Enquirer: 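I am attaching a structure below and will ask some questions about it afterwards.
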Amino acid sequence: MQFSFEKKHNGSLYLKYTLIFLFVSFFVYGTYLITGHSLIWRLDGAQQHLPLLQEYQHFLRSFLHHPLQQVPQWSWKLGIGGDLFQIYSYYVLGDFFSYLTLLFPASKIVFAYQFLIVLRLYCAGIAFCFFASHFKLSHSVIITGALVYIFNAFLLYSNIAQPFFTIPFIIFPLLIIALERVLQGLSVWPLILVFCWMLFNNFYFAYMLGIGAAIFLVLRYLLYYRKKIHLFKTFFKLSFCTLISLGLTAIVLVPEIFAVQNSTRSDGVFANGLTLYPLYYYLALPSQLINGGNRGFYFWSALGFASIVFFAIVYILAKWRHYPLLASVFVLGGIMLLFPLFGAFFNGFMAPSNRWTLMLALPFSFACCILITNTSKISSKTVHLFRNTLFAYAIFIICCYYFQNDEKIFIPLLFLFVTYRTLVFYSRHKVAKTAHAFLIVVLLNVILNAVYFEAPYNGGYSNEMLPFGSYEKLIKHRYAGLNNNLKTTNTYRVSTISSNYYLGSGFHMYNTLPSNTNSVSSYYSLQNKNIGAFANIMQNSQFEANIPLGQLDDRTILNNFFGVRYLFTQINQANEKKIPAGYTLDKVSSLISDANQKSSQSQQTQRYRSNYAFPLIYWQDSAFSSSTYSKMSPTQKERSLATGVYLNTKTIKSLKKASVSHDVQNVDYQLISSRGNFVSSRDIQRKDSNESYLIILKNPEAYKNSELHLEFSDIKYTPEKLKNQLELEQQARHSSSTNSTLTLNDSLSYYQNLRYHILQGTPDNSFSLTVASPITSGIIKQPKQNELSFYKTVKNSVLNMGYFASLPTNLTLTPSKIGNYHFKLKITAEKIDNNYFAEVKKIQKNGLKELKFSRNRVSGNIITSRSGVITSSIPYSKGWTATDNGTPVHVLKTNNAFVGFKLKPGKHHIILSYQTPGLKLGWHISLVSVLLVLIYVFFKSIKKRLG
């Protein structure tokens with residue numbers, strides 16, 4: 001089929017689509033509403049998208065009232081501080097739907113957020129209708145294709161989970177149309193507009209869609225235009241469009257590129273180390289095509305289309321000579337789904353995420369339109385092909401069903417046969433209104449898929465939505481009101497205790513926007529890599545690329561260093577007693593007694609306060625040399641934060657040489673298996689899944705007022721081969737059932753274990769090491785390779801077992817899996833006593849006085865008697881500049897990650913200013929590009945007038 005750019009009037013098409021969209025939406029979104037759920041996902045929705053949209057609406061209103069004011073580029077509210085422009089650029093700045101919030105009052109932002117979710121999906125369908133209207137297709141056929149296009153598993157999930165993921169579904173059809181216009185020798189300006197939107201919207205999807213566009217151009221040229229167009233002339237036009245678009249959007253694109261290159265994601269392992277996917281992926285992939293009720297997106301292969309897609313693919317491949325472009329895309333897409341390297345390539349050479357499959361929605365849906373249009377022309381040979389492929393496909397899915405017990409495939413499988421019978425009937429009986437019949441079938445298919453996807457039964461997605469009113473309540477009572485009387489200032493931060501602060505509905509408080517307090521924890525896709533580097537140097541066990549600090553594993557000195565003045569905890573929750581040293585109970589909320597008078601079920605929030613929080617900016621006169629610092633253990637490096645500063649520079653001659661604190665002592669220990677034998681941490685051969693290990697601490701009473709750290713290094717795990725694991729599990733089962741009077745069912749247990757391991761991807765390199773003390777339980781976790789953005793290679797980590805007046809006598813170590821473990825374990829007692837508190841008081845005296853915060857700037861005064869270093873817990877970035885008494889000074893990276901600079905003796909007025917890296921360069925490029933476009937248009941118009 002060939003694109004046609006003749007002017008058409010399709011008002012009735014969009015009206016019909018609108019009515020049908022509203023009807024389907026009643027079920028798609030009504031399932032949430034009827035069951036009392038909002039359209040706010042408790043993870044990214046409540047923690048990132050809605051709070052940022054709320055903040056952005058406030059910024060837009062402020063900007064409209066004061067358009068000449070300086071644009072905010074730094075925020076102290078993004079964890080310990082971050083680049084606001086870069087975060088806005090990734091999430092809301094390029095999403096044009098964000099600007100519609102200006103039509104709503106601030107009090108209705110929660111409603112606006114949910115309304116825009118529906119509106120984006122509606123517009124994605126409009127985009128498909130506009131695309132399909134360039135072909136000779138009936139309205140019913142186009143609307144059927146639109147239903148396939150927008151009501152699939154990818155969008156049923158991401159439309160709500162990450163609303164801006166819907167935008168590529170709007171852009172991609174328009175992008176293909178604009179490219180086709182250029183290929184047909186028409187105007188390039190629509191392509192420039194679409195390119196600009198694509199680049200301005202979000203660099204991640206721009207990269208992905210750009211690759212998709214390049215693949216389309218290559219295939220379209222080779223299969224159709226090779227002998228019809230002038231290659232170099234067309235290439236010049238496309239290059240012109242690309243360069244102009246890159247230039248016009250540079251003001252956003254350049255800072256985003258800087259942000260990605262300097263983010264915690266930049267050091268990821270290509271394809272998470274995978275050459276092939278686990279076996280379960282290949283077993284599940286065929287059913288993923290039509291399983292619209294499925295949320296188990298293995299490596300984000302989120303297909304889940306209406307069942308008619310299966311027959312559309314078969315039809316196109318059978319008629320590949322008539323539809324070579326679609327057939328090539330299907331074959332290429334199928335191959336790319338088989339190998340992790342393609343997922344990693346589309347994901348910026350990082351995790352093997354197959355989000356690129358969103359681009360398959362367009363050819364799949366268009367193929368459905370072609371199939372429906374040609375149903376009356378289907379030959380008996382093609383019907384037999386449908387039958388044979390259907391039975392082969394269905395048998396495979398049914399076999400996998402018995403293996404996986406995935407009941408979500410029931411409705412898609414049912415509609416697979418319903419669609420087949422509809423195809424057979426209308427191919428044999430040349431009946432009018434064929435398209436209407438398929439519209440009804442697909443309509444029912446997508447509705448039932450969506451209801452099953454969302455209904456709160458059998459683990460439906462609505463269970464992950466916040467109930468009505470929860471978000472508003474969360475904002476008002478995040479800390480049970482204990483934050484209301486705290487001073488709104490950027491001079492200190494707050495935190496919670498690890499795994500303790502529970503807010504219900506599976507909500508984890510990774511971010512605290514909006515709030516009057518600044519929290520150390522933050523959860524965003526782009527995190528400053530210097531924060532990640534610091535977390536890894538301190539071997540923070542809670543480090544994630546998206547959440548680099550977490551709650552700092554409740555380590556006292558790290559909390560103090562980051563200026564955590566207040567800690568919020570909840571009674572009767574995990575780690576309730578794991579309070580860092582120096583934090584004393586300050587205030588409590590009203591006790592909510594359990595209805596059954598069980599005190600262990602009562603609820604209460606507690607606020608702890610410390611008088612030992614470091615200032616945000618302070619002066620140090622002692623520095624560690626590189627040779628000394630490199631020999632320190634992670635705990636010693638943590639302890640050194642109170643005694644000196646480490647500079648990533650060789651020139652520290654003018655500073656006093658800092659010495660290593662003696663307040664970190666090694667604790668001798670023994671490791672004993674639960675079987676009663678001594679073992680070495682460098683060779684633990686765990687053959688029994690019930691085996692654990694006791695860590696016996698020697699002379700624990702000798703270590704007073706200390707925080708107990710377990711420093712793991714050189715961690716290696718070698719899983720047993722699948723065959724060996726099955727044999728070991730059978731042996732363990734037999735040994736534990738020696739007194740059983742019944743004969744063991746070896747066949748059943750073997751099948752159960754085999755099924756479990758295949759579905760888990762065994763053997764794989766994931767594992768966890770859990771250590772329990774009397775007051776806490778800590779875990780070191782090597783994630784599975786299918787955890788995508790959260791994947792990391794764990795070689796070392798520190799676990800904080802808590803602060804003790806006298807150390808416990810023993811700890812319990814439990815590995816998660818059978819296999820061979822090797823690691824070095826050093827146990828240290830970090831003394832936190834009056835000596836440490838005196839050092840902190842000295843640092844507090846050396847803090848900058850009269851701190852003043854203004855937009856993108858902080859200033860203060862200090863008097864120094866000798867040379868030293870201004871030190872801070874402000875994340876380092878090339879965007880920071882500093883002046884001392886009006887004179888620019890060179891900004892250094894202190895303690896591996898933070899802003900600082902050298903200071904001579906005297907009286908100083910210090911100003912730290914921030915500008916987003918690349919913003920100025922991007923602005924200049926965009927300005928020049930605008931001028932070039934205006935000049936081009938001017939000369940073009942003159943040339944046209946002169947004839």
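The structure presented is a predicted model; accordingly, all values stated were derived computationally and were not measured.
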Enquirer: Pairs under 3.5 angstrom only: tabulate donor-acceptor contacts from the side chains of residues 328-347 to other protein residues two or more places apart or in another chain.
Expert:
unit_1, atom_1, unit_2, atom_2, d
Ser328, OG, Pro324, O, 2.7
Asn347, OD1, Tyr204, OH, 2.6
Asn347, ND2, Ala351, O, 2.9

Enquirer: Would you tabulate the side-chain donor-acceptor contacts of residues 159-178 under 3.5 Å, counting partners in other chains and residues two or more places apart, or write 'none'?
Expert:
unit_1, atom_1, unit_2, atom_2, d
Asn159, OD1, Tyr29, OH, 2.6
Asn159, ND2, Ile117, O, 3.1
Asn159, ND2, Thr166, OG1, 3.0
Gln162, NE2, Asp44, OD2, 2.9
Thr166, OG1, Pro163, O, 3.1

Enquirer: Taking the six-membered ring for Trp, are the ring centroids of Phe200 and Trp197 within less than 6.0 Å of each other?
Expert: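 So the answer is no for these two rings.
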
Enquirer: Are Ile378 and Tyr315 close enough that some pair of their side-chain heavy atoms sits under 4.5 Å apart?
Expert: yes

Enquirer: Taking the ring centre of each residue, are Phe130 and Tyr17 less than 6.0 Å apart?
Expert: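 That pair fails the under 6.0 Å test.
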
Enquirer: Give me the one residue out of Tyr225, Tyr224, Phe131, Phe366 that meets ring-ring contact (aromatic ring centres under 6.0 Å, His included) with Phe3.
Expert: Phe131

Enquirer: Would a line drawn from the ring center of Phe310 to the ring center of Tyr393 be shorter than 6.0 Å?
Expert: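 For Phe310 and Tyr393, the ring centres are under 6.0 Å apart.
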
Enquirer: Applying ring-ring contact (aromatic ring centres under 6.0 Å, His included) between Tyr298 and each of Tyr277, Tyr280, Tyr282, report the one that passes.
Expert: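 Per the ring-ring contact (aromatic ring centres under 6.0 Å, His included) rule, the option paired with Tyr298 is Tyr280, out of Tyr277, Tyr280, Tyr282.
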
Enquirer: Measure across Phe299 and Gln785 and return the closest heavy-atom pair with its distance rounded to 0.1 Å.
Expert: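 Nearest heavy atoms, Phe299 then Gln785: CE2-O, 3.6 Å.
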
Enquirer: For the pair Ser301 and Tyr281, evaluate side-chain hydrogen bond (donor to acceptor under 3.5 Å, both in side chains) and give the outcome as yes or no after the intermediate values.
Expert: CA-CA 9 Å; Ser301 299; Tyr281 172 86; 3.1 Å; yes

Enquirer: Output side-chain donor-acceptor pairs under 3.5 Å for residues 119-128, partner residues at least two apart or in another chain, one line each.
Expert:
unit_1, atom_1, unit_2, atom_2, d
Arg120, NE, Asp95, OD2, 3.2
Arg120, NH1, Leu116, O, 3.4
Arg120, NH2, Asp95, OD2, 2.7
Tyr122, OH, Thr18, OG1, 2.7

Enquirer: Search all heavy atoms of Arg265 against all heavy atoms of Met350 and return the closest pair with its distance.
Expert: O-SD, 3.2 Å

Enquirer: Do side-chain atoms of Ser379 reach the backbone of Thr382 as a donor and acceptor pair under 3.5 angstrom?
Expert: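 Yes, the answer is positive, given that a donor and an acceptor are paired below the 3.5 Å cut-off.
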
Enquirer: For a 4.5 angstrom cut-off between non-hydrogen side-chain atoms, does Leu439 reach Ile20?
Expert: yes

